[in-house]
Visitor: 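I'd like to ask you about the structure that follows.
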Amino acid sequence: MLRTHTCGELRAGDTKKTVTLCGWVHRRRDHGGLIFLDVRDHYGFTQVVINPEIKNIFAIAEQVRPEWVLKVDGTVRKRLEGAERQDNPTGEIEVVASRIEILSESKTPPFEIDQEKDVNEELRLKYRFLDLRRPKMQKIMHDRDALITHVRTYMHGLNFTEVQTPILANSSPEGARDYLVPSRIHPGTFYALPQAPQQFKQLLMVAGLDRYFQIAPCFRDEDPRADRHPGEFYQLDLEMSFVEQDDVFHVIEPLMIELTEKFSDKKVMQKPFLRITWHDSLNTYGSDKPDMRYKLHLQDVTELVKDCGFSVFSDAVKKKGVVKALCIPKGADFSRGEIDALTEVAKTYGAKGLAYILVKDALQSPIVKFLGEDLAKNIVKELNAKTGDAIFFAADAWQKACIVLGQVRIAVAKKQQLTDSSIAAWCWVTDYPMYEWSESEQRIDFSHNPFSMPQGGMEALMKKDPLEILAYQYDIVCNGFELSSGAIRNHRPDIMYKAFEIAGYSKDEVDAKFGGMIRAFEYGAPPHGGCAPGLDRLMMVLWECESIRDIYAFPKNGKAQDAMMNAPSVVSAKQLKELHIKLVD
């Protein structure tokens, strides 16, 4: 080794030791007689002192600049009383240099490494190798490794076997676009990078593995956003045989508690985690990934307003819709501009507007004259609204009205700073609909995972309205973020064919897309289920990162590009010809 110690290792007990350190110059301070260098590596910082008496060393120290890489020989001594740094583990000592070797020089960095200043993200990502030198990013990489190590230890402790599944696989409907990889050997055909190891993990259960997991790379061609990394992401993928829903919960819930308490400063709000159905979650919070750190419950006023003079409300009820209301404490102080901003949020999610009542000494609202004073006061009383509160309304089909007010709820909570960052509010959302109506395609489609077992099995598929069938499908949510999706799987070929038939797939199409799994199920498949917590999003939530991109060593930017490596990039005509691909304008 070039060094005897790391830059975060030396303590007062090492005084008088002769040591060799290697690292980057974090800071250089010239005190007009003495030069101090803070030398940094992955493990920390050590202050190095260069005396002017040793002229050849002092001359070198005068040259060095931030981010130069040095090898320093010297002797450890205690710092003078009063000069200690309590914020640094090595702050009681310093190293008096006897020799300095410049291992490499550095250009002036495009941003400061030694200070945690806000830096333009595009610049950070272009020079990610520099950004990763910053202490904050070093800690994230270290903590990420420790968290994943903990997950592996936990899973092995429960007798799970880690198995790596293929990266080059077949295309399957997982809810997003596939990344396709052309085959050179089989012209005109394509592999797909797996959106999840869904079929493979079920096949492992058929193969008798019993308990499988992996830290699985997954690939989805989705538009970037703050909690979604474009391209690849990692999840704890797991599957278990001969289990029911509660068995999966009993594996995952203690792990999430451990990760929260060991790797963050957050306090778990409720143990065991609250369980709420998909319907109740939408009905109460306006979301299937509810943030339960604050109340702000949606309430139903349909019966109160069904025959009112405000046509927006009464017409919605006549069309078998609902009128939902959201009471905001102290919301009467919102300005016209703030109400307009909330209205824009509602419109983004399909509303035509956002009706409201401000509860002041006299009710203030454009809709009171249509409702009538008495009905307006009854609404205020029904919602237990107090003077100074505001009430917002959404009138539409049930799900749409809930989602609109749910988004207003989130915007209000952000505005009023209702989210407590010291709390982790975990919950399970269960009983998802098996199917939904696709407006764009005007047909019934799967609402979630197509491989979930329908509640009621074949009988439900044969006799019930498809839009009323529930699935053994569940999500785990924390602070308004979906962190895992899972299900008890459909393990019977007859039920699978029927489930896909309802969604418009013929038997031949099912065989073509999922023939491997169908064949496997024909040879005896155990009941099985699992889930797949997203580790990147989990870390983002636990560590309060503004963007999920901070969790990755080498992320894509908001345009799904690698600014450092210039990907995606143009390839040569020769490569395209080998793959039998022709580009068209």
Visitor: Counting N and O atoms only, with roles assigned by atom type, does the side chain of Arg65 sit under 3.5 Å from a partner on the main chain of Lys107, one being a donor and the other an acceptor?
Guide: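 A pair under 3.5 Å: no.
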
Visitor: Apply side chain to side chain contact (heavy atoms under 4.5 Å, CB included) to the pair Val163 and Glu239, showing each step before the final yes or no.
Guide: CA-CA 11 Å; Val163 180; Glu239 199 76 9; over 6 Å; no

Visitor: Which ring-ring contact (aromatic ring centres under 6.0 Å, His included) pairs, counting each pair once, include a residue from residues 534-572, with sequence neighbours left out?
Guide: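 Sorted result for residues 534-572: His229-Tyr552.
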
Visitor: Does Arg128 use its side chain to pair, donor to acceptor, with the backbone of Met564 at less than 3.5 Å?
Guide: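 Absent.
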
Visitor: Is there a side-chain contact between Met540 and Phe481 (heavy atoms, below 4.5 Å)?
Guide: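 Touching, per the 4.5 Å side-chain cut-off.
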
Visitor: For atom CE of Met141, decide whether the heavy atoms of other residues, nucleotides or ligands shown that lie under 6.0 angstrom number more than 12.
Guide: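 Yes, because the 6.0 Å sphere around CE of Met141 holds more than 12 heavy atoms from other groups.
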
Visitor: Would you mind reporting whether Met256 and Leu483 have side-chain heavy atoms less than 4.5 Å apart?
Guide: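 Result no, sub-4.5 Å side-chain heavy-atom pair not found.
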
Visitor: So does Tyr191 have more than 12 non-hydrogen atoms from other groups sitting under 6.0 Å from OH?
Guide: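 It does not: Tyr191 OH has 12 such atoms or fewer within range.
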
Visitor: Using atom types as modelled and distance alone, determine if a side-chain donor or acceptor of Thr90 lies under 3.5 Å from a backbone N or O of Phe45.
Guide: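 Yes: the side chain of Thr90 pairs with the backbone of Phe45.
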
Visitor: For the atom pair CH2 (Trp428) and CD1 (Ile252), what is the distance rounded to the nearest 0.5 Å?
Guide: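 Those atoms lie 6.0 Å apart.
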
Visitor: Tell me whether Asp131 is salt-bridged to Arg124, with the criterion being a basic N under 4.0 Å from an acidic carboxylate O.
Guide: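 Salt bridge flag = yes for Arg124 with Asp131.
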
Visitor: Taking all non-hydrogen atoms of both residues, which atom of Cys427 and which atom of Pro290 are closest, and how far apart?
Guide: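 It is SG-CG, 4.0 Å.
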
Visitor: Tyr285 and Asp291: side-chain donor and acceptor closer than 3.5 Å?
Guide: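 Absent: no donor and acceptor within the cut-off.
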
Visitor: May I ask you to check whether over 12 heavy atoms, not counting those of Gln115, lie within 6.0 Å of atom CD?
Guide: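 Count over threshold, so yes.
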
Visitor: Without swapping roles, check the side chain of Gln138 against the backbone of Leu132 for a donor-acceptor pair under 3.5 Å.
Guide: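 Yes.
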
Visitor: Checking Trp426 against Thr260: is there a side-chain donor and acceptor pair closer than 3.5 Å?
Guide: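 Yes.
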
Visitor: Rounded to the nearest 0.5 Å, how far apart are NE2 of His150 and CG of Leu259?
Guide: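 CG of Leu259 is found 5.5 Å from NE2 of His150.
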
Visitor: Ignoring hydrogens and geometry, is there a side-chain-to-backbone donor-acceptor pair from Gln575 to Ala573 under 3.5 Å?
Guide: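 Side chain of Gln575 to backbone of Ala573, a donor-acceptor pair under 3.5 Å: no, none is there.
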
Visitor: Going by side-chain contact (heavy atoms from CB on, under 4.5 Å), Met269 matches just one of Asn479, Leu274, Ile423. Which one?
Guide: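 Result for side-chain contact (heavy atoms from CB on, under 4.5 Å) with Met269: Ile423.
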
Visitor: Salt bridge check, Asp227 against Arg225: does any charged N sit closer than 4.0 Å to a carboxylate O?
Guide: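 Salt bridge between Arg225 and Asp227, a charged N being under 4.0 Å from a carboxylate O: yes.
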
Visitor: Would you say the side chain of Ile328 lies within less than 4.5 Å of the side chain of Leu296, judging by non-hydrogen atoms?
Guide: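 Touching, per the 4.5 Å side-chain cut-off.
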
Visitor: Do the non-hydrogen side-chain atoms of His250 and Pro272 ever get within less than 4.5 Å of each other?
Guide: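 Not in contact.
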
Visitor: Keeping Glu222 on the side-chain end and Ala176 on the backbone end, is there a donor-acceptor pair under 3.5 Å?
Guide: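 Pair absent, no side-chain N/O of Glu222 close to backbone of Ala176.
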
Visitor: Between Lys556 and Glu232, does any NZ, NE, NH1 or NH2 come within less than 4.0 Å of an OD or OE carboxylate oxygen?
Guide: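 So Glu232 pairs with Lys556 through a salt bridge.
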
Visitor: Does the side chain of Glu122 pick up a donor-acceptor pair with the side chain of Asn120 at under 3.5 Å?
Guide: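 Their side chains do not contain a donor-acceptor pair, so the 3.5 Å distance test is not met.
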
Visitor: Of all the heavy-atom pairs spanning Ala97 and Val72, show the shortest one and how long it is.
Guide: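 Scanning both residues, the minimum pair turns out to be CB-CG1, 4.0 Å.
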
Visitor: Going from SG on Cys218 to CD on Gln195, what distance comes out if it is rounded to the nearest 0.5 angstrom?
Guide: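 It is 9.0 Å, given to the nearest 0.5 Å.
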
Visitor: Using side-chain heavy atoms (C-beta onward) and a distance below 4.5 Å, is Asp41 in contact with Cys22?
Guide: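 No, their side chains stay 4.5 Å or more apart.
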
Visitor: Which atoms form the tightest heavy-atom contact between Gln235 and Pro197, and what is the distance?
Guide: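 Smallest heavy-atom distance, with atoms named: NE2-CD, 3.9 Å.
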
Visitor: Quick check: closest heavy atoms across Val19 and Thr4, and the distance to 0.1 Å?
Guide: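 Residues Val19 and Thr4, closest heavy atoms: CA-OG1, 3.4 Å.
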
Visitor: Rounded to the nearest 0.5 Å, how far does CD1 of Ile93 lie from CG of Leu10?
Guide: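 CD1 of Ile93 is found 4.5 Å from CG of Leu10.
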
Visitor: Tell me whether the count of non-hydrogen atoms from other residues, nucleotides or ligands lying under 6.0 Å of CZ in Phe190 goes above 12.
Guide: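 Yes, the 6.0 Å shell around CZ holds more than 12 heavy atoms from other groups.
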
Visitor: Quick check: does any side chain N or O of Ser281 sit under 3.5 Å from a backbone N or O of Ser287, one acting as donor and the other as acceptor?
Guide: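 Checking the backbone N and O of Ser287 against the side chain of Ser281, a donor-acceptor pair under 3.5 Å is found.
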
Visitor: Under 6.0 Å from the OH atom of Tyr43, do we count more than 12 heavy atoms belonging to anything else shown?
Guide: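 At most 12 heavy atoms, drawn from other residues, nucleotides or ligands, come within 6.0 Å of this atom.
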
Visitor: Specify the closest pair of heavy atoms between Asp536 and Arg144, including all atoms of both residues, with the distance to one decimal.
Guide: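 The answer is OD1-NH2, 2.9 Å.
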
Visitor: Is there a side-chain contact between Pro66 and Glu112 (heavy atoms, below 4.5 Å)?
Guide: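 They are not in contact (no side-chain heavy atoms under 4.5 Å apart), so the answer is no.
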
Visitor: With a 6.0 Å cut-off (strictly less than), is the heavy-atom count around CG of Asp420, excluding the residue itself, greater than 12?
Guide: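 Result for CG/Asp420: enclosed.
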
Visitor: Tell me whether Glu253 at atom CD has more than 12 heavy atoms from other residues, nucleotides or ligands lying less than 6.0 Å away.
Guide: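 Yes.
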
Visitor: Does the side chain to side chain contact (heavy atoms under 4.5 Å, CB included) test come out yes or no for Leu238 and Cys531, once each step is laid out?
Guide: CA-CA 6 Å; Leu238 64 99; Cys531 63; 4.3 Å; yes

Visitor: Taking the side chain from Lys16 and the backbone from Thr75, do they hold a donor-acceptor pair closer than 3.5 Å?
Guide: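 Not at all, since once roles are kept as given, no pair shorter than 3.5 Å links the two residues.
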
Visitor: Check whether Asp178 reaches the backbone of Leu180 with its side chain - one donor and one acceptor, N or O, closer than 3.5 Å.
Guide: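 No.
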
Visitor: Crowded around Lys71 NZ? As in, over 12 foreign heavy atoms under 6.0 Å?
Guide: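 Enclosed.
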
Visitor: Are any of the side-chain heavy atoms of Gln214 and Lys201 separated by less than 4.5 Å?
Guide: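 Not in contact.
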
Visitor: Check ring pair (Phe, Tyr, Trp, His ring centres under 6.0 Å) between His142 and all other residues, then give those that pass, not counting sequence neighbours.
Guide: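 Applying ring pair (Phe, Tyr, Trp, His ring centres under 6.0 Å) to His142 gives none.
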
Visitor: Taking distance alone, no hydrogens or angles, what donor-acceptor pairs closer than 3.5 Å link side-chain atoms of residues 46-63 to residues at least two apart or in another chain?
Guide:
unit_1 : atom_1 : unit_2 : atom_2 : d
Thr46  : OG1    : Cys7   : O      : 2.7
Gln47  : OE1    : Arg29  : NH2    : 2.7
Gln47  : NE2    : Glu94  : OE1    : 2.7

Visitor: How many angstroms lie between atom CZ of Phe213 and atom CE of Met240, to the nearest 0.5 angstrom?
Guide: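 Atom-to-atom, Phe213:CZ and Met240:CE are 13.5 Å apart.
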
Visitor: Would you call Arg3 and Glu9 a salt bridge, taking side-chain N to carboxylate O under 4.0 Å as the test?
Guide: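 No, no charged N to carboxylate O under 4.0 Å.
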
Visitor: One pair to check against side chain to side chain contact (heavy atoms under 4.5 Å, CB included): Val95 and His5. What are the steps and the verdict?
Guide: CA-CA 12 Å; Val95 172; His5 297 78; over 6 Å; no

Visitor: Do Pro109 and Tyr127 have side-chain heavy atoms sitting under 4.5 Å apart?
Guide: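 The answer is no; the side chains never approach within 4.5 Å.
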
Visitor: Check the pair Arg220 / Arg228 against side chain to side chain contact (heavy atoms under 4.5 Å, CB included), numbers first and verdict last.
Guide: CA-CA 10 Å; Arg220 295 184 183 181; Arg228 178 193 290 160; over 6 Å; no

Visitor: Any side-chain to backbone donor/acceptor pair from Tyr474 onto Ala487? Under 3.5 Å, distance only.
Guide: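 Side chain of Tyr474 to backbone of Ala487, a donor-acceptor pair under 3.5 Å: yes, one is there.
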
Visitor: Using every non-hydrogen atom in the two residues, find where Val477 and Asp288 come nearest and quote the distance to one decimal.
Guide: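 For Val477 versus Asp288, the nearest heavy atoms are CG2-O, 3.9 Å.
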
Visitor: Starting at CG of Asp550, measure out to CD of Glu121 and round the result to the nearest 0.5 Å.
Guide: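 Reported to 0.5 Å precision, the distance equals 7.0 Å.
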
